[in-house]
Amino acid sequence: MNFSVVKKKDSSLRELSREKVEFEEIDTLQDLLKKMCIYKYTKQSNSEKTLLSKNEIQQSAYCGKIDFDVKYNEKKYDIDKAQDVMIQDFKDGLFRVYINGNESTDL
């Protein structure tokens with residue numbers, strides 16, 4: 001299944017970023033959140049600092065934030081703890097999930 005992760009500014013329709021992600025075998029929203037957590041966790045663990053291209057700077061400036069991938073909190077969670085935090089954040093309403101344009105609320 002293909003997914004687009006779209007970050008938007010709170011109380012705004014302006015899109016901050018979009019990332020395409022592909023997963024196999026997603027049965028529930030909870031499965032999706034856990035796999036997304038693994039994807040993000042792995043991506044952050046394996047990422048190296050890179051220079052931004054002129055195009056990336058222009059795109060970031062258009063969104064209103066140029067991010068140089070600075071991490072202020074170097075605290076690392078194990079993957080199980082990270083998944084628990086993501087599920088709790090969803091339950092607390094810190095982010096929303098839309099599937100085909102409809103908000104999904106049932107884990």
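For the pair Met86 and Met36, the tightest heavy-atom approach, listed with the atom from each and the gap, is CE-CG, 4.3 Å. Between Thr105 and Phe90, the shortest heavy-atom distance links the atoms O-CE2, 3.8 Å. The heavy-atom pair separating Leu29 from Val97 by the smallest distance is CD1-CG1, 3.6 Å. When all heavy atoms of Leu107 and Thr28 are compared, the pair lying nearest together is O-CB, 3.6 Å.
Here Asp89 pairs with Val85, Leu94, Phe95 under the side-chain contact (heavy atoms from CB on, under 4.5 Å) rule; sequence neighbours left out. Qualifying side-chain hydrogen bond (donor to acceptor under 3.5 Å, both in side chains) partners for Asp80, counting only residues two or more places apart in sequence or in other chains: none.
The main-chain N or O of Glu24 is found under 3.5 Å from a side-chain atom of Lys35 such that the two form a donor-acceptor pair.
Between the CD1 atom of Ile87 and the CG atom of Leu33 there is a distance of 4.5 Å, given to the nearest 0.5 Å. In this structure, the separation between NZ on Lys34 and CD1 on Ile26 is 12.0 Å, given to the nearest 0.5 Å. The line from CD1 of Ile79 to CG of Asp84 is 10.0 Å long, rounded to the nearest 0.5 Å.
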